[in-house]
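Note: hydrogens, waters and symmetry copies are ignored here, and every other heavy atom, side chains too, is used.
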Amino acid sequence: MSILYYISDCMIPFVILYLVTYGMCKKVDIFDEFIEGAKDGFLTVYKILPTLIGLMIGVGVLRESGAMEWFAGLLSPLVQFLHFPGELLPLFIVKMFSSSAATSLLLDVYKTYGADSYLGTLASVLMSCSETIFYTMSIYFMTAKVTKTRYTLAGAMIATFAGAVAAVILVSGYL
């Protein structure tokens, strides 16, 4: 196992060394290319910043207004029928919008139920098998100027729910 830690510690420095060596062999001005790439990255961040701020404000309003708990209560009968813990429903919903907000909810689950409990383990697996659908779609589609998303949202929602079902089955069988 220690060999894997050693390899993972050396991987990024090796990739950087390889890129610099390859650039020098091809007689590329590496520093100028780095500066140009950093400038492009900064421009991308500048373009997506309003979307990021809007999403963060929206998730904050949902959490603080109690709308998330109200919605979770509304879905409670369906959630109980599917054997999904109602305590994790706000985490599951928020994860679709913001990973950082979902992480704060995950920490609340850990504090309340424990990281090694059924709910803590299931929450961890849910965080790993789901994506920030709306954040990702808004950022990528805005950057690429895509106006017709076709079946992206439906496919992402189906994949997210399939991941949640798989998480419940796996964690239930594990513990």
>> Quick check on the hydrophobic clustering: are M157 and M127 connected, directly or via other members, by side-chain heavy-atom contacts under 4.5 Å?
In response: yes
> How far does CG of L119 sit from CG of L91, to the nearest 0.5 angstrom?
Replying inline: 10.5 Å
> Is the backbone N or O of S124 less than 3.5 Å from a side-chain atom of S128, with the two atoms forming a donor-acceptor pair by type?
Replying inline: yes
> Side chain of S8, backbone of Y5: donor and acceptor closer than 3.5 Å?
Replying inline: yes
>> Can you confirm whether I12 is buried at CD1, in the sense that more than 12 heavy atoms of other residues, nucleotides or ligands lie under 6.0 Å from that atom?
In response: no
>> Assigning hydrophobic clusters by single linkage (Ile, Leu, Val, Met, Phe, Trp, Tyr; side-chain heavy-atom cutoff under 4.5 Å), is I158 placed with F161?
In response: no
>> Is a donor from one side chain sitting under 3.5 angstrom from an acceptor on the other, for T160 and E131?
In response: no
> Which heavy-atom pair separates V79 from P85 by the least distance, and what is that distance?
Replying inline: CG1-C, 4.2 Å
> Distance from L89 atom CG to L105 atom CG, nearest 0.5 Å?
Replying inline: 11.0 Å
> Which side chain to side chain donor-acceptor pair (under 3.5 Å) pairs, counting each pair once, include a residue from residues 10-33, with sequence neighbours left out?
Replying inline: none
> Which atoms form the tightest heavy-atom contact between G163 and C129, and what is the distance?
Replying inline: O-SG, 3.3 Å
> Given the rule that I, L, V, M, F, W and Y join up when any side-chain heavy atoms are under 4.5 Å apart, are I35 and M24 in one cluster?
Replying inline: no
>> Could you measure the distance from the CG atom of L122 to the CD atom of E87? Nearest 0.5 Å is fine.
In response: 10.0 Å
> Less than 6.0 Å separating the ring centroids of Y140 and Y135?
Replying inline: no
> Shortest non-hydrogen contact from L126 to A167?
Replying inline: CD2-CB, 4.0 Å
> Mind checking what makes ring-ring contact (aromatic ring centres under 6.0 Å, His included) contact with F141, not counting sequence neighbours?
Replying inline: none
> Is F84 reachable from W70 through a run of hydrophobic residues whose side-chain heavy atoms are each under 4.5 Å from the next?
Replying inline: yes
>> Would you call the rings of F134 and F97 parallel, tilted or perpendicular, taking 30° and 60° as the class edges?
In response: parallel
> To the nearest 0.5 Å, what is the distance between CG (L75) and CZ (F92)?
Replying inline: 10.5 Å
> Looking at V109 and A123, what are the two nearest heavy atoms and their distance?
Replying inline: CG1-CB, 4.1 Å
>> Any side-chain to backbone donor/acceptor pair from S98 onto A101? Under 3.5 Å, distance only.
In response: yes
> Within the distance-only criterion (no hydrogens, no angle test), does the side chain of S172 pair as donor or acceptor with the backbone N or O of I169 below 3.5 angstrom?
Replying inline: no
> Nearest 0.5 Å, what's the CG-CE distance between L153 and M137?
Replying inline: 5.0 Å
> Taking the side chain from S99 and the backbone from K95, do they hold a donor-acceptor pair closer than 3.5 Å?
Replying inline: no
>> With rounding to the nearest 0.5 angstrom, report the CG to OH distance, L49 to Y46.
In response: 9.0 Å
> Looking at G120 and S117, what are the two nearest heavy atoms and their distance?
Replying inline: N-OG, 3.1 Å
>> Using the ring centroid of each side chain, check whether Y113 and Y118 are separated by less than 6.0 Å.
In response: no
> With hydrophobic residues grouped by side-chain heavy-atom distances under 4.5 Å, do V146 and I133 end up in a single group?
Replying inline: yes
